[in-house]
Q: 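The structure that follows is given in the form of structure tokens.
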Amino acid sequence: MKPFTYSILALAFACQAFPNAKPLNVLFIFSDDHAYQAISAYGSNRNKTPNIDRLAKEGMIFHRAFVTNSICAPSRAVILTGKHSHLNGQLTNGIRFDGAQQTFPKLLRKTGYQTAMIGKWHLKSDPTGFDFWQVLQGQGPYYNPPMNTPDGVKRITGYTTDVITDVTLDWLKNGRDKDKPFFVMSQHKAPHRNWQPGPKHLNKYDGIDLPEPETLRDDYKNRLSPASTQAMTISGHLSASDLKLRAPGNLTPEQRAKWEAAYNPKNKAFEEAKLEGDELLKWKYQRYVKDYLRCIDSVDENIGRLLDYLDKSGLAENTVVIYSSDQGWYLGEHGWYDKRWMYEESFRTPLLVRWPGVTKPGSENHDLVQNLDYAETFLELCGVDRPKDMQGESIVPLLKGKKPGDWRKSLYYHYYEFPGAHSVRRHYGVRTEKHKLIYFYNLDGWEMYDLEKDPNELNSVYGKPEYASLTKELKSELDRLRKLYKVPEDTRPVERKKKPRKPKK
Ligand code: CA
């Protein structure tokens, strides 16, 4: 289908003169911290996601989808603006998003699209560019979420993943103007820490042991210091509430009774206290991963509810459905939970797209794409010209099975949040199809990985003579990308040194 121009679209709205050139609707379903390792279409050995898999069967799955900065708020800002963090201003989670800047929903809205944002927003400032918005406050709780709206706070009883879908369905059924095309963002809090499952899934995976990843007991050798100085290990950094040794404070009496029946917090605390060493690690790993996957079960079911509605309402054939997450995640790989790193598990993110009649069902894509491309893609799907200052590339040609000859061969990544939660040092780097070069710039230290020989990234080959010429090439490519994306040298943040503690008298 040829993209609509602005004028054709405007005319179509004005007089319905193009019955065969109906503008597309877009349903963007987005989650927070969903590891591709926890999606069966990506080969999960730990869970099944039948509804997300439907998108793979009926559309395209992207095996090399990445982010530019693997953390929540920055990723959302990149998606809204089509610009890297240093240009959209959202370098870290702590910054308030500048909602006055250009974003794709504003551009869609100008051409007559109806835009809606429901669920997790996480950008501190109120959403801009939406006809309808109802969003969680900050991170938002897993149960009974108060939600911000332009008319004040709504308090809703229920499990947040279900609630976000309920509000999305209600807007699709009753809230929108049915004469206009829509772009709706339905964004989950799940499966963000601390992984509180819904009432239906509290006992899923009981009585079974889930497989452990190969690198659960990583010793962090053959790399620079950052991999060993982080604070995100399953063995050492999970809290009592992560491990469900106490119940959340905001449950209704009925919710609390189910919760306590499932976790029996006092007994579990006792059970944990008896364990040590590797036995304790095994226990924590099972506890953590099961809760994480239980949260995914709700996300998957709710995606099913949306897909069923599109089918029943007749909207499915003219609606592009996209599923993605704000970044990837560690499900025990390298011994970790959390994200932030340019290592594959958190650098990558799930991306699946169903475009009926255009994208070949069951197709698999291995090109290098990034969340930097989403805004440009959304605009092209909706027939709106992309502004020149956006930095990504529309993936619409890939969805049509036509890869442009000059498609990118490398990706730029930049993480800024240090000092910060989980103590991951600032770094930037370049990834090509087969290699990755990472620079921990405040430490002036490099790592390099041969992704074919060492897919788990356990042995940095930086400084090895046989990689000397490749290292030179990657450094030059990194320089090229930093210039292309206008990364300012003088905005490199300087890490604050911790003040030495005063000795106790
Ligand atoms: Ca996130």
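The shown structure was predicted, so the numbers you read here are calculated from the model rather than taken from an experiment. In this chain, numbering begins with 1 at the start of the sequence shown.
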Q: As a quick check of understanding, evaluate side-chain contact (heavy atoms from CB on, under 4.5 Å) for L310 and R354, giving each step before the final call.
A: CA-CA 12 Å; L310 293 182; R354 185 181 78 175; 4.1 Å; yes
Q: Just checking, is any N or O donor in the side chain of S40 or T49 under 3.5 Å from an acceptor N or O on the other one?
A: yes
Q: Which of these, Y413, Y412, Y439, sits in a ring pair (Phe, Tyr, Trp, His ring centres under 6.0 Å) with H427?
A: Y413
Q: Does a donor on one side chain sit under 3.5 Å from an acceptor on the other, for T215 and N456?
A: no
Q: Taking everything shown except K48 itself, do over 12 heavy atoms lie less than 6.0 Å from its NZ?
A: no
Q: Taking K436 first and then E447, would you say they form a salt bridge - that is, a charged N and a carboxylate O separated by under 4.0 Å?
A: no
Q: Can you confirm whether K400 sits close enough to V358 that some side-chain heavy atom of one is under 4.5 Å from a side-chain heavy atom of the other?
A: yes
Q: Any donor-acceptor pair under 3.5 Å linking the side chain of K339 with the backbone of I71?
A: no
Q: With sequence neighbours left out, which residue pairs that include part of residues 383-406 fulfil the ring-ring contact (aromatic ring centres under 6.0 Å, His included) condition?
A: none
Q: Do Y374 and S324 get their side chains close enough for a donor-acceptor pair, meaning under 3.5 Å?
A: yes
Q: Looking at E333, is its backbone amide N or carbonyl O close enough to the side chain of D218 to form a donor-acceptor pair, meaning the two atoms are under 3.5 Å apart?
A: no
Q: Go through the structure and list residues passing ring-ring contact (aromatic ring centres under 6.0 Å, His included) with F378, not counting sequence neighbours.
A: F28, F104, F183
Q: How far apart are the C-alpha atoms of Y330 and S346, what are their side-chain angles, what is the distance that settles it, and do they pass the side-chain hydrogen bond (donor to acceptor under 3.5 Å, both in side chains) test?
A: CA-CA 7 Å; Y330 295 92; S346 50; 2.8 Å; yes
Q: Carefully, step by step, assess I29 and I322 under the rule side-chain contact (heavy atoms from CB on, under 4.5 Å).
A: CA-CA 6 Å; I29 311 169; I322 301 167; over 6 Å; no
Q: Should we say atom CD of Q137 is surrounded by more than 12 heavy atoms from elsewhere, each under 6.0 Å from it?
A: yes
Q: Please evaluate residues W133 and W121 with respect to the criterion ring-ring contact (aromatic ring centres under 6.0 Å, His included), reporting the C-alpha separation (whole Å), side-chain torsions for both, the decisive distance (0.1 Å), and the verdict.
A: CA-CA 10 Å; W133 57 268; W121 174 248; 8.1 Å; no
Q: When you measure from the side chain of Y42 to the backbone of S44, do you find a donor-acceptor pair of N or O atoms at a distance under 3.5 Å?
A: no
Q: With a 4.0 Å cut-off on N to O distance, would you call R294 and D291 a salt bridge?
A: yes
Q: Can the positive tip of R426 be found less than 6.0 Å from the middle of the six-membered ring of F418, inside 45° of the ring normal?
A: no
Q: Taking 4.0 angstrom as the limit, do E457 and R223 come out as a salt bridge?
A: no
Q: Just do the side-chain contact (heavy atoms from CB on, under 4.5 Å) check on Q139 and R193 with the steps written out, would you?
A: CA-CA 10 Å; Q139 292 285 359; R193 192 183 185 190; over 6 Å; no
Q: Can you name the residues that form a salt bridge (charged side-chain N to carboxylate O under 4.0 Å, His left out) with R348, not counting sequence neighbours?
A: none
Q: Ignoring hydrogens and angles, state whether a donor on the side chain of Y323 or S31 is under 3.5 Å from an acceptor on the partner side chain.
A: yes
Q: Does any donor atom in the side chain of H201 or S298 lie under 3.5 Å from an acceptor atom in the other side chain?
A: yes
Q: Under the salt bridge (Lys or Arg N to Asp or Glu O under 4.0 Å) definition, can you give me all pairs with a residue in residues 76-98, not counting sequence neighbours?
A: D32-R76, R76-D326, K83-D389
Q: Test of understanding: with ring-ring contact (aromatic ring centres under 6.0 Å, His included), list the residues that count as partners of H435, not counting sequence neighbours.
A: none
Q: Consider only side-chain N and O atoms of T161 and N302, and report whether a donor and an acceptor are under 3.5 Å apart.
A: no
Q: Cut-off 3.5 Å, side chains only: do T165 and D162 have a donor facing an acceptor?
A: no
Q: Are E477 and K409 within salt-bridge range, i.e. N to O under 4.0 Å?
A: no
Q: Under the side-chain hydrogen bond (donor to acceptor under 3.5 Å, both in side chains) definition, can you give me all pairs with a residue in residues 465-475, not counting sequence neighbours?
A: D450-Y467, Y462-K475
Q: Is the ring pair Y343/Y449 parallel, tilted or perpendicular, if the boundaries are 30 and 60 degrees?
A: perpendicular
Q: Is a donor from one side chain sitting under 3.5 angstrom from an acceptor on the other, for D297 and Y205?
A: yes
Q: Assess the residue pair N148 and Q134 against the criterion (side-chain hydrogen bond (donor to acceptor under 3.5 Å, both in side chains)); give the C-alpha distance rounded to whole Å, side-chain angles, the decisive distance to 0.1 Å, and a yes or no.
A: CA-CA 6 Å; N148 289 346; Q134 182 164 333; over 6 Å; no
Q: Can we say R408 and E393 salt-bridge, meaning some charged N sits less than 4.0 Å from an Asp/Glu carboxylate O?
A: no
